[in-house]
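Report on one structure; see the data block that follows.
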Amino acid sequence: INIYPQPATDMCFVSTTAPIQALDIINATGKIIYSELGHGTFEQRMALHLPNGMYWIQVTQTNGIVLRKALLILNSNQPRLPPKCVKTLT
């Protein structure tokens, strides 16, 4: 399974060695937060509208094999937290 680009922003591509039956995105707690039926092709584009973070993409192929791979979403349109300020004692 290949997922690109990494990190992803508003879309990513998933490619496999067998036709894709279904795609799921799973959050850090193990909950499926997005599901999409496959098009029966070896590559599929996914539109992503998720907060920044680490997710898992679960791919079910038409041959029954289920694969998982990490996906990092880093959307430049979302606000970022400022870096922590560290005060040095002198």
Side-chain angles (χ1 to χ4, degrees):
I1 180 173
N2 291 313
I3 302 171
Y4 56 94
Q6 283 274 28
T9 54
D10 59 346
M11 84 164 93
C12 74
F13 294 88
V14 177
S15 64
T16 64
T17 57
I20 298 169
Q21 180 178 350
L23 294 166
D24 299 313
I25 297 182
I26 301 168
N27 67 11
T29 64
K31 181 180 177 186
I32 295 175
I33 56 172
Y34 178 80
S35 289
E36 182 174 307
L37 290 177
H39 303 290
T41 60
F42 292 84
E43 183 173 80
Q44 190 159 333
R45 180 177 67 107
M46 296 180 71
L48 305 169
H49 303 286
L50 299 169
N52 292 343
M54 182 65 78
Y55 299 87
W56 290 96
I57 289 189
Q58 179 173 283
V59 178
T60 304
Q61 297 176 334
T62 56
N63 60 9
I65 295 176
V66 177
L67 306 166
R68 283 190 182 180
K69 192 164 187 178
L71 169 67
L72 176 63
I73 295 180
L74 189 57
N75 190 337
S76 60
N77 296 331
Q78 294 182 6
R80 297 209 190 335
L81 295 174
K84 292 182 179 179
C85 296
V86 177
K87 186 175 181 180
T88 311
L89 298 174
T90 54

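In what follows, residues are counted from 1 in the order of the sequence shown.
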With sequence neighbours left out, what residues match [X] under side-chain contact (heavy atoms from CB on, under 4.5 Å)?
X     : value
Ala70 : Met54, Trp56
Ala22 : Thr60
Leu67 : Ile1, Gln61, Ile65

*Among residues two or more places apart or on two chains, list those pairs meeting ring-ring contact (aromatic ring centres under 6.0 Å, His included) that have a residue in residues 12-36.*
Tyr4-Phe13

Value rounded to 0.5 Å, distance of [atom1] in [X] from [atom2] in [Y]:
X     : Y     : atom1 : atom2 : answer
Cys12 : Leu23 : SG    : CG    : 8.5 Å
Asp10 : Leu48 : CG    : CG    : 7.5 Å
Ile25 : Lys31 : CD1   : NZ    : 13.5 Å
Gln21 : Glu36 : CD    : CD    : 13.5 Å

*For Thr17, side chain to side chain donor-acceptor pair (under 3.5 Å) partners two or more places apart*: none

*What residues form a side chain to side chain donor-acceptor pair (under 3.5 Å) with Asn27, not counting sequence neighbours?*
Thr29

Minimal non-hydrogen separation, [X] against [Y], with atom names:
X     : Y     : answer
Gln58 : Val66 : CG-CG1, 3.6 Å
Gly40 : Pro19 : O-CB, 3.4 Å
Met46 : Ile57 : SD-CD1, 4.2 Å

*Leu74 and Thr9: side-chain contact (heavy atoms from CB on, under 4.5 Å), yes or no, with the steps?*
CA-CA 5 Å; Leu74 189 57; Thr9 54; 5.7 Å; no

*asked:* Count I, L, V, M, F, W, Y as connected when their side-chain heavy atoms are under 4.5 Å apart, and connections chain through other members. Are Val59 and Ile33 then in the same cluster?
replied: yes

*Same cluster for Ile3 and Ile26 if Ile/Leu/Val/Met/Phe/Trp/Tyr side chains link at under 4.5 Å?*
no

*Member of Asn52, Leu72, Leu71 meeting the side-chain contact (heavy atoms from CB on, under 4.5 Å) criterion with Pro7*: Leu72

*Ile20 backbone acceptor or donor facing Gln44 side chain under 3.5 Å*: no

